[in-house]
Number of protein chains: 2
Amino acid sequence: MARLPVYLQILADQAAAGVANISSEGLAELAGVNAAKVRKDLSYLGSYGTRGVGYEVDYLVYQIRRELGLDHDWPVVIVGAGNLGQALAGYGGFTDRGFPVAGIVDIDHDKVDTLVGGARVRPLDELPQIVAAKNVSIGVIATPPAAAQDAADRLVKAGVTSILNFAPVVLSVPVGITIRKVDLAVELQILSYHEQRRASAQGGQLHAVPNEPGRGVTA
Amino acid sequence: MARLPVYLQILADQAAAGVANISSEGLAELAGVNAAKVRKDLSYLGSYGTRGVGYEVDYLVYQIRRELGLDHDWPVVIVGAGNLGQALAGYGGFTDRGFPVAGIVDIDHDKVDTLVGGARVRPLDELPQIVAAKNVSIGVIATPPAAAQDAADRLVKAGVTSILNFAPVVLSVPVGITIRKVDLAVELQILSYHEQRRASAQGGQLHAVPNEPGRGVTA
DNA sequence: CGAACAATGTGCACAGATTCACAAGCTGAC
DNA sequence: GTCAGCTTGTGAATCTGTGCACATTGTTCG
């Protein structure tokens, strides 16, 4: 389930805040989802909570980490040292959460040997060596669209089995390779879709409904 | 539907390549989804294709753009000029696709007035003026987790109605505000989950199944 | 003009996810 | 020890989304 990381995030926060136990309802509230859903998700994990009390935060964190494979680090290699690649390499959030940057490569020789976020950019050709040396199984594609498929091919050939793709293209990879795509422009387009609907709804009805003052949690 | 932007992307590529008509099957192939799904999605749009021929690419692009509200630009304001904020501001993909950066603000006065991607960082206090002056309705949060809720509150107060949140926290906003969250670490955790399953599956069964050589499109 | 062909649009059935509601079980107080 | 109060875990109903199959309709060729 794609919600486990969200729970994990919240639980880690709670643990840091000194909370020892949490109920499914409390966790649901914080995650902005239904309480029954939380229980189903956690029961699927096999993790046992205690009836009448709730879940022990530390134990739950341990269980989710284990399930997600976060009991050890997963080095990642970044292909493309442009704006986005540099930001990702420099973004502390990766290393902090168990995904150290094993290396960053670029095809442009002008970028090679420049320093970004503590790592030195290596030439694209060295990708296989980096993957082999650091035992990398996750690759990140931060190249322009036109170069993304080639980057994917090279990553797969080098032995990477999971790819996070930031380029706005649909990649074709052998079966057995896991791909996730994050397209920033698509996210904005979805927002603009909502804005559009908002605008036409207001234009359509004469008596526009003002935003209610209530607060809701939106994940 | 969240698939429209993907179709749009592909259709724009096809249009640029000189393709005039496309069938639901062709589009489905390129998007890595089912053909019936494509037809359902497009029929929901009200867009009419021609039976026996397919869809006219240009017209479809126009229709989807219209539906998504992409017939005009949507200026965005970025809160947080750290690693990620700077990359986003400098990332050409935003402006190119109709989301020009109206401004970027940061609470840190040392960052104010520095140049990132052609824009000058403004102090956080000027957020309301920027939003009002450029008629911004979309905000992007690229702050550290602890500052994200404050950023959201300020954006809403300034009049922004849609927020793209890169901080790994669940934000609480008034109903009527649209939020989308992109958590890079969560994406990696989902990949590590698959890696974990892969590893335990291989360890579990003595005769590991090698990756099939076939190719599949994975979105 | 008519018939064969091609591709859309949609009714229907199915699968998966979500939510409700409740029985089962733990805790703590008297 | 028993009882009241919570909270989990899960069966059942529901809803959403997906995919198949086919009738419908436009095109093209003879």
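Just so we're on the same page: letters track the sequence lines, and every chain starts at 1. Hydrogens, waters and symmetry mates play no part in the numbers below; they use all other heavy atoms, side chains included.
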Worksheet entry | B:Ile130, CD1 atom: more than 12 neighbouring heavy atoms under 6.0 Å | yes

Of C:dT8, D:dT8, D:dT27, the nucleotide closest to the side chain of B:Val53 is D:dT27

Heavy-atom nearest pair, B:Ala167 first then B:Lys181, reads O-CE, 4.0 Å

*For C:dC26, does either OP1 or OP2 sit under 4.0 Å from a side-chain N or O belonging to A:Thr50?*
no

B:Asp106 (side chain) donor-acceptor with B:Ala81 (main chain) under 3.5 angstrom: yes

A:Leu45 atom CG is separated from D:dT8 atom C1', nearest whole Å, by 15 Å

Per-nucleotide protein contact along nucleotides 10-16 of chain D, 5' to 3', at a 4.0 Å heavy-atom cut-off (B base, S sugar-phosphate only, - neither), is BBB----

Whole-Å distance, B:Tyr48 OH to C:dG9 P, equals 8 Å

Shortest non-hydrogen pair, B:Val160 vs B:Ile177, comes out as O-CD1, 3.7 Å

Between the CH2 atom in B:Trp74 and the CZ atom in B:Phe94, the distance rounded to the nearest 0.5 Å is 16.0 Å

B:Tyr55 atom OH is separated from C:dA6 atom C1', nearest whole Å, by 13 Å

State whether A:Asn34 places a side-chain N or O below 4.0 Å from either non-bridging phosphate oxygen (OP1 or OP2) of C:dC20.
-> yes

Between CD of B:Glu56 and P of D:dT27 the distance, given in whole Å, is 12 Å

Between CG of B:Leu27 and P of C:dT8 the distance, given in whole Å, is 10 Å

Exercise for the section: Using distance alone, with no hydrogens and no angle criterion, decide if A:Tyr55 and A:Asn21 have a side-chain donor and acceptor under 3.5 Å apart. Expected result: no

Separation of D:dT8 atom P from A:Lys37 atom NZ, nearest Å, is 17 Å

Separation of C:dC26 atom C1' from A:Asn21 atom CG, nearest Å, is 12 Å

inquiry  = For C:dA17 and A:Tyr44 - does any side-chain N or O of the residue sit under 4.0 Å from the phosphate oxygens OP1/OP2?
reply    = no

Presence of B:Ser24 side-chain N/O under 4.0 Å of C:dT8 phosphate oxygens OP1/OP2:
yes

Whole-Å distance, B:Asp41 CG to C:dG9 P, equals 12 Å

On a heavy-atom basis, the closest approach of A:Arg66 and B:Gln196 is O-NE2, 3.6 Å

